[in-house]
Amino acid sequence: MGENVAASRETRTATGSEPPPQGLEGRDAAAEGRNVRRAVEEPPERPDPGGLYGRLKAYEGRSAANEGVGKDLVNEPMIRHWCEAMGDTNPAYRGPDAIAPPTMLQAWTMGGLSGHSDRSGAHDELFALLDGAGFTSVVATDCEQEYVRELRPGDRITYDSVIETVSERKTTKLGTGHFITTRMDVRANGKLAGRHRFRILKYAPARRKPQGRRPRPVVNRDNAGFWDGVAAHKLLIQRCVGCGELRFPWLPGCNGCGAAEWDTVEASGAGTVFSYVVMHHPRFPGFTVPEGTEAAAGDTVPDDDGSGPYAVGLIELAEGVRMISNVVGVPYDKVRIGMPVRLEFLRVDEELELPVFRGGEGG
């Protein structure tokens, strides 16, 4: 990819399909439906009990981790696993001159299940101070990465992390709290390779009214055709008119050739579980499987309100694309990778119908 890739660049990632907004120094903002929530600064006249913000602010610039060392050298197996999980077929990530995908920058610093022992006392003190003030919950909001040079198999990764900013108190839809931004400088063989900024919200949860209805999908001009298909009990997949590549979820242009023209093919309904998670908490009554629906037949309701646990699968359709949906028809703890599934349409309420997948040997 040459030196152009190694030139300093920046990417931002967050839940959702669009880049997250910045959240530094009064720029905290977010789009509805993502982990980043719109933050509104509280009136300046609101008292700061015990001068808490001053004590929090004193942690800015202090080290969060010193002389951390990646547990593995940059290596081909991890690059391959990453590319398979992301569906990235860029040839620059294969072969004798392969480089690591730039977005793997943080992956080389992670400690895995055993964690790291290099976290500083200042980091723990800051979080203890927030916990003691009632800001006991945490949610990741967004991250930013800057790429300075390419990483190649065999590079030894080291890093330092610093508490970069602590925001004033902000009121969000989740609750009131403080945004904490840490900056990690990542080095390869002693030379700066990139920077990773990670931002979280430590907050006191706002009280919410219980919701009995499942959240509504966001329907726009780019995906309206998909939901029209669901209403007609058809699972429609976009197909690029230019190169014929199938794509899901629906997008305004082709990832392969960039063409904007497309048509659709109807999925056969056959698929397999490519991956899955089991949702235990929090419990949302809106996810109760309604009695009397076709997809509820034979399902086991594990608790009084039916709000969980339940399996959410990444389903690989016979056509080769993948989509996320519920796996029904089998107990949540019996779902397995590779399990055959079959498309069904579940009526959630009088307005909403969703595609789900029934598991079982006969799927």
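Residue indices begin at 1 and follow the sequence shown.
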Enquirer: Taking atom CD1 of I180 and atom CG of L126, what is their separation to the nearest 0.5 Å?
Expert: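 So the gap between those two atoms works out to 5.0 Å.
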
Enquirer: Considering only NZ, NE, NH1 and NH2 on the basic side and carboxylate oxygens on the acidic side, decide whether R152 and E150 come within less than 4.0 Å.
Expert: yes

Enquirer: Are V186 and M110 in one and the same hydrophobic cluster, where Ile, Leu, Val, Met, Phe, Trp and Tyr link if side-chain heavy atoms are under 4.5 Å apart?
Expert: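 Different clusters: V186 never reaches M110 through Ile, Leu, Val, Met, Phe, Trp or Tyr contacts under 4.5 Å.
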
Enquirer: Taking R214's backbone N and O only, do any of them form a donor-acceptor pair with R216's side chain (distance below 3.5 Å, no angle check)?
Expert: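 A pair under 3.5 Å: yes.
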
Enquirer: Under 3.5 Å, side chain of D160 to main-chain N/O of N66, donor-acceptor pair present?
Expert: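 Such a contact is absent between D160 side chain and N66 backbone.
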
Enquirer: Tell me whether T141 contacts the main-chain N or O of R199 through its side chain, where contact means a donor paired with an acceptor under 3.5 Å.
Expert: yes

Enquirer: Is the side chain of E319 donor-acceptor paired with the backbone N or O of S268 at a distance under 3.5 Å, no angle test?
Expert: yes

Enquirer: Work out which heavy atom in A267 is nearest to a heavy atom in I237; give both atom names and the distance.
Expert: CB-CD1, 3.9 Å

Enquirer: Is a salt bridge present between D88 and R94, judged by a nitrogen-to-oxygen distance below 4.0 Å?
Expert: no

Enquirer: Let me know which of R195, M184, Q106 forms a side-chain contact (heavy atoms from CB on, under 4.5 Å) with Q145.
Expert: Q106

Enquirer: When rounded to the nearest 0.5 angstrom, what is the spacing between CZ in F226 and NZ in K234?
Expert: 14.0 Å

Enquirer: Keeping the roles fixed (side chain from K71, backbone from G111), state whether a donor-acceptor pair exists under 3.5 Å.
Expert: yes

Enquirer: Of the non-hydrogen atoms in T182 and I163, which two are nearest, and what is the gap between them?
Expert: CG2-CA, 4.3 Å

Enquirer: Below 4.5 Å, heavy atoms only, C-beta onward: do F357 and M339 meet side chain to side chain?
Expert: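 With C-beta onward as the side chain, the pair stays apart.
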
Enquirer: Can a donor-acceptor pair be found, under 3.5 Å and without considering hydrogens, that links the side chain of N220 to the backbone of N223?
Expert: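 Yes.
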
Enquirer: Are V265 and V230 connected into the same hydrophobic cluster when the rule is that any two of I, L, V, M, F, W, Y join if their side-chain heavy atoms are below 4.5 Å apart?
Expert: yes

Enquirer: Would the distance check show the side chain of N90 and the main-chain N or O of A92 forming a donor-acceptor pair, the cut-off being under 3.5 Å?
Expert: yes

Enquirer: Just do the side chain to side chain contact (heavy atoms under 4.5 Å, CB included) check on F179 and T172 with the steps written out, would you?
Expert: CA-CA 11 Å; F179 287 91; T172 76; 4.2 Å; yes

Enquirer: Short question: side chain of S161, backbone of A65 - any donor-acceptor pair under 3.5 Å?
Expert: no

Enquirer: Cluster question for you: counting only ILVMFWY and a side-chain heavy-atom cut-off of under 4.5 Å, with indirect links fine, are V241 and L251 together?
Expert: no

Enquirer: Is there a donor-acceptor pair closer than 3.5 Å between any side-chain N or O of W250 and the backbone N or O of L236?
Expert: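 Side chain of W250 to backbone of L236: a pair is present.
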
Enquirer: Taking atom NZ of K334 as the centre, does the number of heavy atoms from other residues, nucleotides or ligands within less than 6.0 Å exceed 12?
Expert: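 At most 12 heavy atoms, drawn from other residues, nucleotides or ligands, come within 6.0 Å of this atom.
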
Enquirer: Which heavy atom of V218 sits nearest to which heavy atom of W227, and what is that distance?
Expert: O-NE1, 4.3 Å

Enquirer: Side-chain heavy atoms nearer than 4.5 Å, only ILVMFWY residues, links allowed to pass through others: does that put V219 and W262 together?
Expert: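 Same cluster: V219 reaches W262 through Ile, Leu, Val, Met, Phe, Trp or Tyr contacts under 4.5 Å.
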
Enquirer: With a 4.5 Å heavy-atom cut-off, do L346 and E344 have their side chains touching?
Expert: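 Side-chain contact under 4.5 Å: no.
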
Enquirer: Would W82 and T103 count as a side chain to side chain contact (heavy atoms under 4.5 Å, CB included) if you check the C-alpha gap in whole Å, the side-chain angles of each, and the deciding distance to 0.1 Å?
Expert: CA-CA 10 Å; W82 177 279; T103 48; 3.7 Å; yes

Enquirer: Report the C-alpha distance between L192 and R149 in whole Å, list the side-chain angles of each, state the deciding distance to 0.1 Å, and finish with yes or no for side chain to side chain contact (heavy atoms under 4.5 Å, CB included).
Expert: CA-CA 8 Å; L192 183 66; R149 63 180 295 267; over 6 Å; no

Enquirer: So with a 6.0 Å cut-off around CD of E266, is the heavy-atom count from everything else above 12?
Expert: yes

Enquirer: Quick one: OG1 on T109 to CZ on R187, what's the gap to the nearest 0.5 Å?
Expert: 13.0 Å

Enquirer: State yes or no: do V162 and V166 share one hydrophobic cluster built from I, L, V, M, F, W and Y residues joined by side-chain heavy-atom distances below 4.5 Å, directly or via other members?
Expert: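 No, V162 and V166 fall in different hydrophobic clusters.
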
Enquirer: So, for V335 and A311, which heavy atoms are closest and what is the spacing to 0.1 Å?
Expert: CG2-CB, 3.8 Å

Enquirer: Can you confirm whether P217 sits close enough to L352 that some side-chain heavy atom of one is under 4.5 Å from a side-chain heavy atom of the other?
Expert: yes

Enquirer: Report yes if the side chains of N326 and L354 come closer than 4.5 Å at any heavy-atom pair, otherwise no.
Expert: no

Enquirer: Starting at CG of D142, measure out to CG of L201 and round the result to the nearest 0.5 Å.
Expert: 11.0 Å

Enquirer: Under 30°, 30 to 60°, or over 60°: which ring-plane class applies to H178 and F135, parallel, tilted or perpendicular?
Expert: perpendicular

Enquirer: Are the side chain of N189 and the backbone of R156 linked by a donor-acceptor contact shorter than 3.5 Å?
Expert: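 The answer is yes, because a donor-acceptor pair under 3.5 Å joins these two groups.
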
Enquirer: Could you tell me whether E146 and R197 make a salt bridge, using a distance below 4.0 angstrom between a side-chain N and a carboxylate O?
Expert: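 Looking at E146 and R197, the cut-off is met.
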
Enquirer: To the nearest 0.5 Å, how far apart are CD in E125 and OH in Y59?
Expert: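 These two atoms lie 4.0 Å from each other.
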
Enquirer: Could you tell me which non-hydrogen atom of L73 sits nearest to which non-hydrogen atom of W108, and how far apart they are?
Expert: O-CZ3, 3.9 Å

Enquirer: Looking at every heavy atom in both Y93 and I99, which two are closest together, and how far apart are they?
Expert: CD2-O, 3.3 Å

Enquirer: Roughly how far apart are D155 CG and D72 CG, rounded to 0.5 Å?
Expert: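 It is 13.0 Å, given to the nearest 0.5 Å.
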
Enquirer: Please test C257 against E245 for side chain to side chain contact (heavy atoms under 4.5 Å, CB included), starting from the C-alpha separation and ending with a verdict.
Expert: CA-CA 9 Å; C257 70; E245 181 173 331; over 6 Å; no

